[in-house]
Each structure stands twice: as structure tokens, then as C-alpha cells.
Amino acid sequence: MIRVQLPDGSVIDVAEGTTALDVARRIGERLAQQTVAAEVNGRIVDATRPLEEFGGGEEPIRLRLLTTRDPEALAVMRHSAAHVMARAVMRLFPGTQLAFGPTTGHGFYYDFDLEHHLSEEDFPRIEEEMRRIVEQAEPFERFELPREEAIAFCRELGQELKVEHIQTGLADHATLSFYRQGEFVDLCRGPHVPDAGKVKAFKLLSVAGAYWKGDAKGKQLQRLYGTAWFSPKDLKAYLQQLEEARKRDHRVIGKQLGLFHLSPDVGPGLVLWLPKGAIVRSILEDFIKRELLERGYQPVYTPHIGRVEMYETSGHFPYYRDAQFNPIFQHEAGQLVDAWIQRLQAGTLGPEAERRLAAAAVELGCPFQDWDLTASTEEKIARLRRWELQQERYLLKPMNCPHHVQIYKSQPRSYRELPVRLAEFGTVYRHEASGQLNGMLRVRGLTQDDAHLFCTQEQVEEEFRATLELVQFVLKSVGLEDYRIQLSLRDPDSDKYVGSDAVWEQAEASLRRVLTDAGLPFSAEEGEAAFYGPKADFMVRDCIGREWQLGTVQLDYNLPERFGLEYIGPDNQPHRPVMIHRAPFGSMERFVGMLIEHFAGAFPLWLAPEQIRVLPVSDKSLEYARQVERRFRDAGFRVSTDTRSAKVNAKIRDAQLERIPYMAVVGPRDAEQGAVSLRDRIEGDLGMMPVNEAIAKLQEEVRSRTVRQVAKSAFTAPEATESEQFAY
RNA sequence: GCUGCUGUAGCUCAGCCGGUAGAGCGCGUCCUUGGUAAGGACGAGGUCAUGGGUUCAAGUCCCAUCAGCAGCUCCA
């Protein structure tokens, strides 16, 4: 007999070999039908496995039945759905190689290696085959094999990727588990639903490339994405949510509302801010600037380029070379010599090619007439570098910090003037790989609301604290109050970081202490730190539940060292300051892009590009409309008048579609009384009121930076737990 | 950067098996002068992304380039 404890505390005795499903059946047939998996002693497992496999001994086995109501069950079912999909693909495309098929936040995917190029046109066929499999409701049967047998078995199945995975990724597993579904068998840790009939409402969503084991140099696979839910209603709600997110796409809204433009003629990833988008940005910038002045920051301006040497000193140039625009050389042979050095370093330069390079360099005026092809690579590089260092070389700045460091260094500093806080909306350029570009969210030229704080070691925690407070304040001002903080620490086993262990430990401890003291919830992530120091990032959730990385605060003990920064302490001796990098918004491009999606283009009054539109009821009221427009403009509002000879209905419709917060309908009745009939974009007609009253009302809304409405998501279905555990 | 898909009027898109281009919205003109989400008529507008190729003939088929999209990988 086995003793089993249920969640309500009751304990029952069952015979050996009893499964969770049996227990469910004992309680009720309905419950058994809804049981998808089980949580046994805290572990999520198949409902069809004998309970004694998970425990025993003196303590009763703790059992929780997972039904279609539990989010954990959803993840199990989705993983089973991935198997069903894989089975369908195998049927339609025999010989398909299976890679990984895990669950995701809202669904699942499976990576395949197959000849046929999957496309959306294949989806109906695959889905139909999946439905057939689901209807048959065959059980998922689990079995285990010792590793050598498992390898032989996979080989027999022709699944070479699985063989490789057992030999590498699962090298320390003595036995491997498999799940069988009729003719389909897959290496899998599980757990799975009892039978395929538990996979209810599903839909294939997209197909895309993916790398085998996430390695960009590895084999390219085809990844089929799907979503699955326990009810068609949940599926429908989720698809609507996807549709909602699509409608909020800042690229779509940005075009509709004329906020920004990306022109291939200017270049990919280079944002053109149209007048309306520029207004939003400049209001945000003005807002921040005022806050910074109050908080003891000093505005500075620095150029868009700087000498490459400066970025070599800072470490940015060598470290991020491949993500930067190439250096600008004054000498026309500069690029050539630069490429030459890189080829030599990579060892990809043959003698004939090098001879031609040398000839070309001489032709362009370099003193390499006596170039010795037989010299060692080191000697060659040294000679080329010597030449290169004599040239004027500039970099489009990828970071503002080195420039700000120079401002700090421009005069001797006393401890009395610290902290020095230098702030700039600094535009930086990064040559992001073409596939990474995305509207305003990932661009090649971006403006950071940047600042660098130079302070003493004793001041670090206070400055960090004040910075966190600032970020919180600005996020609150735009109505973003749902966020968490991610503390990014170094990976102790990696060598990509600069600076000593002691300094890193000190920096990480400081950040942790301030976050803890401030009572801010944070999660610590190892290996996520920048190469020069740990950082705290604000992960902000928007109104439809998506998370965005915006503001960041980073501690840096490295740059002061590299640039030899100093201040004179009370002991009249030089000391090294500490630097803090921080950007509450991150970049203006990304932040505004995010705001567009968050508000679905309907900015709160204080940010709206056009705040009020005056709508004359007919041409006869044009004159009065102009007067009203003037009144609003004089009161500081961004206002226009719709002078078209259209009906009011049409004018209202257009203003609504343009997300203009307020409309002032004016006709003869209003003119008579010096009034407007105010219409609120959200509430509709507010009735007639004197112009003064309308102005006062809206001024108050601007002053308080009220955020009146963000669209609520209709989507409430629980998000399944992201699960590494189903990773194979 | 990699894999796949896409590129037709200002915007959203249709255009079959190759035969010289279409809709709605927007825009212009005129009529209409109206009170809270689309009044009507007429009209203008296209090197079918770019460059090659196949063909009697290419928006349509092939190749390359550029750009965009999805995902992967990356992100100071």
C-alpha cells in the first residue's frame, strides 16, 4: 500500500501501481477526464505513471492533480501538442529530422530539418493531420532505455540530431526516456498528457529559421510555431490578443499618424522624426532636462565623432568593432590598411593578395615600397599599426561616455565638487546587423538620454539610489508603473569582463545593497552584465502585458581606471572616482516607439502632438473657429482647425482616428455665447462651455500629466510558465 | 549576419496558366453648409523596388542587388 496526501490534507491509501489518473478516477470520472498531469512531491509528472516511482518511504506522497484549469497543465499539454505537430509533419514529410520541441509562453514550437520548405500554405494540411491524431486520442506511452540502447534506437529511427544530443547535451544521463504515440516515438523528458485527445484548441502560427542548439554557426533548421489552449474560447482570445498587438505596432501607427519615417535613401535603421513625432520627443526631452537641472545635473554637448584612439582606450572599439560603423580615415588608404590588418589578424591573407594590397597602398601614397612579404605576421601588423596610428582616424561615436570623461578631465577636480553629473541627449551610432533592425526599437542611430556621474566611492550608493528614484519618477510620469528591476551581474566563469575580481565584487555588492535597502523587487541574472560593470535595468510592462527593457543604471569602475581619472581628496592626494552611467528612457527612439505601442498612438494630453482640433460646424463658423483656435494657442496648446467643407461627423471621425484628445465643435450657438462644445476623444460630447472654462480644464490635465486611458487587454488567459524543463 | 517570405498609385491591397494595370481610402475641382464617428459628382495619380536574363511578348518566370517582415543569433 502507498499513502497519498491530497492538497486538502486528506490521506488515502492506494495499491502499488496506482497512478494519479487512477486517484482522479476514484474521486470522480469527470475529474479523471479533466486530469492532464500531476504534481507529485512538487514535481510535475505524467498522470499515468505509478505514484511510487516518485517517492515512498515514511512520508505520504503529496499529490496534486493538474487539470485544464492549471497553468502548469497548459504547459504540459502544449508540449504534447508539439509532439502531435511533429507526428503530423513526419507523416506528411517522411524523413524529417527532429530537433527540439519545447513550449513557449503562449504555445510551442518544434525545430525540424527537412528538404521541403515549410510555408503557411502547408499549415492547413498539417493542422488537419494534427486533428486526425487528436481525434484518435492515442495514449502517450513512456519508456526508458539505457544510453547505448537509446543511441542505437534513435539511429534506427534515423534521428541523427537526437543521437548527437544524447551524446553531447545529455552526456551525463544513464538512461533516456522516450514517448510513443502510435508510430511516432520521440526522445523526450516529458511529462505529457495521458492521450492526444487532451490537446484541444490549437493553431499553427508561423514558420521561421532557427539554429541547431542556438549556434549561429550551426545547422539552420525550420521552426514551426503553434499555440494551443484547453478551449476554443481561450484560443480565440489569444488570437485576438495577437491581432491587438499587431494593430498597436508602432511602425503601423507611426506611419498612420505621421510620427516618424524610415527612408531607404537615408539608410536602414536611421530614423527620421516627422514633425508630430518630434513634438512628442521634444516634450519628453524638455521634461527630463528640467528634472535633471533640479537634481544637480549639468548639461553638456559633445560631437558625434571622436578619435578611434579614445575608443581604443575606453575599450569600446576593440570590443564592439563588428557592431560599429567602420572608422573614418582622413587618408584615402586608411580603409585599405585597416582591412589589411584585419585580414592578417584573421590569417586569411595569401601572399599574392598581400602583394596587391601593398602595391595599392603604395599607389595611394603609403610608404610601403620596401614591403617584405616574408616578414612575420606580428612584424607586419606592427608596421601597419604604426602607420595607422599616425593617421587621423575617427569613429562615429557608439557611446557618449568617453566624451564625457574628457569633460571631466578638462580640469583638475576636487572632492568638494563631486559628484559631477554630466548630462546630454547624446546621439550614438551602432552598425547593428541588418536582421536586428526593427522600426524605432532597434536602430543604427539613437539618442540616449544619457548622463555620467563621477563620484567618490563613498558617494556611489547615494548616487545610485538617487538615480533609481529618478528613473522611477520619469516612468511614473508617463503612466508606466508596472515594472521590475533586473540586476545584471557578471558570469564568474567568463573572461569577457575587464577589471579585477575585487572591484567587481564591490560593485555588485553596492548595487544589491541599494536595491535591497530601497525595498525594490529585483531579480539577479548572472552573465548579463556589460563588460565594464554590473547594471540595473528597468523591465517595464506595457498595457497589454509585454515587457520592455528601458531605463538602465550601470556602475563602472573600469573607465576611470582606463582614462586615469582623478580627484584631489581631503588628504591632498589624488584618488580615483567611480562612474555611473544612466539613462532613464534608454533611447528616445526606443522609448517613443514603446510609448506608441503602449498608448496605441493615443498619447495623454501633455504629450499629444495635436491636443485640440477646432471643428467648425459649417463654413459660416470658420471665422469664430479661428478665434477659438487663437485662444487655445495663446493658452499654450497645440491646436488646429479643420477648415474642410465636410460635415461635422466626418471631421469628428477623422479627429478620432488621429487620436486627438479633444475636439472643440463650434457653430453659431457657440459663437453667440463665446463658448465651445467640447468633445473628449474618450468620453464623447461634454457639452457647451465657455472657452475659458475649456482652457482651464485642459491646462489642469496637462499640468498634472494625467494619463487617462490606456486600452485594456481583453486577454486574460493565464500565461503558462516558461519552461526550460521541456527543453528536449 | 543566417534561414524563409515579401516589394504594384500617398496608404491598404487585388492582378489566374506570361499578352502592355485595377479597387477602396486619401488627394484635387465642383455641388452641398451641416451640431458629435464617413454627403454627392467628376478628375488627376503607376519606369509594377533596382539591374540583368529567358521569351515574339515579363508586374507575372529565372538570377543578382537593395529594402522590408518573421524567427534565429547578437545587443555597450
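Below, chains carry the letters A, B, ... as their sequence lines are ordered, and counting in each starts from 1.
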- With heavy atoms under 4.0 Å as the rule, sort A/Phe531 into base, sugar-phosphate or nothing. nothing

- Verify the ring-centre separation between A/Tyr408 and A/His452: is it less than 6.0 angstrom? no

- Name the residue closer to the 5' end of RNA chain B, choosing between A/Gln324 and A/Arg223 according to the nucleotide with the nearest heavy atom. A/Arg223

- Heavy atoms under 4.0 Å, any strand shown: does A/Arg679 hit a base, just sugar-phosphate, or nothing? base

- Message: Please tell me whether A/Tyr109 and A/Phe100 form a close aromatic pair, meaning their ring centres lie under 6.0 Å apart.
- Response: no

- Task: Would you indicate what A/Val648 reaches in the nucleic acid, counting non-hydrogen atoms under 4.0 angstrom: base, sugar-phosphate, or nothing?
- Result: sugar-phosphate

- Message: Work out how far the C1' atom of B/C16 is from that of B/A41, and round it to whole angstrom.
- Response: 35 Å

- Message: Tell me whether A/Lys203 at atom NZ has more than 12 heavy atoms from other residues, nucleotides or ligands lying less than 6.0 Å away.
- Response: no

- Can we say A/Arg442 and A/Glu432 salt-bridge, meaning some charged N sits less than 4.0 Å from an Asp/Glu carboxylate O? yes

- Message: Hydrogens and angles aside, do A/Gln554 and A/Thr552 bring a side-chain donor and acceptor to less than 3.5 Å of each other?
- Response: yes

- Which is true for A/Asp619 with a 4.0 Å heavy-atom rule: it touches a base, it touches only sugar-phosphate, or it touches nothing? base

- Message: For a quick check of understanding: with a heavy-atom distance under 4.0 Å over all strands, which category does A/Glu658 fall into, base, sugar-phosphate or nothing?
- Response: nothing

- Note on the structure: When both distances are under 3.5 Å in a Watson-Crick or G-U wobble arrangement, the nucleotide paired with B/G1 is B/C72

- Item | Assigned glycosidic conformation for B/C17 [threshold 90° from 0] | syn

- Comparing A/Ser677 and A/Pro398 on RNA chain B - which has the more 5′ nearest nucleotide: A/Ser677

- Item | Geometric class of the A/Phe531/A/Tyr319 ring pair [parallel <30°, tilted 30-60°, perpendicular >60°] | parallel

- Using a 4.0 Å heavy-atom cut-off across all strands, classify A/Tyr319 as base, sugar-phosphate, or nothing. nothing

- Between B/C48 and B/G7 - C1' atom distance, rounded Å: 10 Å

- So where does chain A start and stop touching RNA chain B, 5' to 3', when the test is distance under 4.0 Å to a non-hydrogen atom? B/G1 to B/A76

- Item | Watson-Crick or G-U counterpart of B/U36, or none if no pair lies under 3.5 Å | none

- Message: Applying the Watson-Crick and G-U wobble criteria at under 3.5 Å, what pairs with B/A41? Answer none if nothing qualifies.
- Response: B/U29

- Task: State yes or no: are the ring centers of A/Tyr238 and A/His106 separated by less than 6.0 Å?
- Result: yes

- For B/U65, what is the paired nucleotide under Watson-Crick or G-U wobble rules, both distances under 3.5 Å? B/A49

- Task: Answer yes if the ring centres of A/Phe591 and A/Phe585 are under 6.0 angstrom apart, and no otherwise.
- Result: yes

- Query: Going by number, which of residues 422-432 of chain A have a non-hydrogen atom under 4.0 Å from RNA chain B?
  - Reply: A/Arg430

- Pairwise P distance, B/C2 and B/A64 [rounded to whole Å]: 13 Å

- For B/C27 versus B/A9, give the span between their C1' atoms, rounded off to a whole number of Å. 11 Å

- Query: Can a salt bridge be assigned to the pair A/Arg444 and A/Glu589 using a cut-off of 4.0 Å between side-chain N and carboxylate O?
  - Reply: no

- Message: Just to be sure I understand the rule, does A/Asn438 reach a base, reach only the sugar-phosphate, or reach nothing, if contact means heavy atoms closer than 4.0 Å?
- Response: sugar-phosphate

- Task: Have a look at A/Gly684 and say if it touches a base, only the backbone sugar-phosphate, or nothing, with a 4.0 Å heavy-atom cut-off.
- Result: nothing

- Message: Using atom C1' in both nucleotides, what's the gap between B/A49 and B/U8 to the nearest angstrom?
- Response: 10 Å

- Query: B/G43 and B/A23: how far apart are their P atoms, nearest whole angstrom?
  - Reply: 12 Å

- Note on the structure: Partner of B/C17 under the Watson-Crick or G-U wobble criteria, both distances under 3.5 Å, comes out as none

- Message: Just to be sure I understand the rule, does A/Arg251 reach a base, reach only the sugar-phosphate, or reach nothing, if contact means heavy atoms closer than 4.0 Å?
- Response: sugar-phosphate

- Query: So, for A/Phe108 and A/Tyr110, is the gap between ring centers shorter than 6.0 Å?
  - Reply: no

- Message: At 4.0 Å (heavy atoms only), tell me whether A/Lys217 reaches a base, stays on the sugar-phosphate, or touches nothing.
- Response: nothing

- Query: On a whole-Å scale, what distance lies between the P atoms belonging to B/C61 and B/C5?
  - Reply: 13 Å

- Distance between P atoms of B/U36 and B/C25 (Å, rounded): 24 Å

- Searching all strands shown, indicate the nucleotide that pairs with B/A58 (Watson-Crick or G-U wobble; both distances under 3.5 Å). none

- Query: If you look at every strand shown and take non-hydrogen atoms under 4.0 Å, does A/Gln222 touch a base, only sugar-phosphate, or nothing?
  - Reply: nothing

- Message: One thing to verify: whether A/Asp685 and A/Arg679 come together as a salt bridge, which I'm taking to mean a side-chain N less than 4.0 angstrom from a carboxylate O.
- Response: no

- Crowded around A/Glu115 CD? As in, over 12 foreign heavy atoms under 6.0 Å? no

- Message: Classify A/Ala323 by what it touches in the nucleic acid, base, sugar-phosphate, or nothing, heavy-atom distance under 4.0 Å.
- Response: base

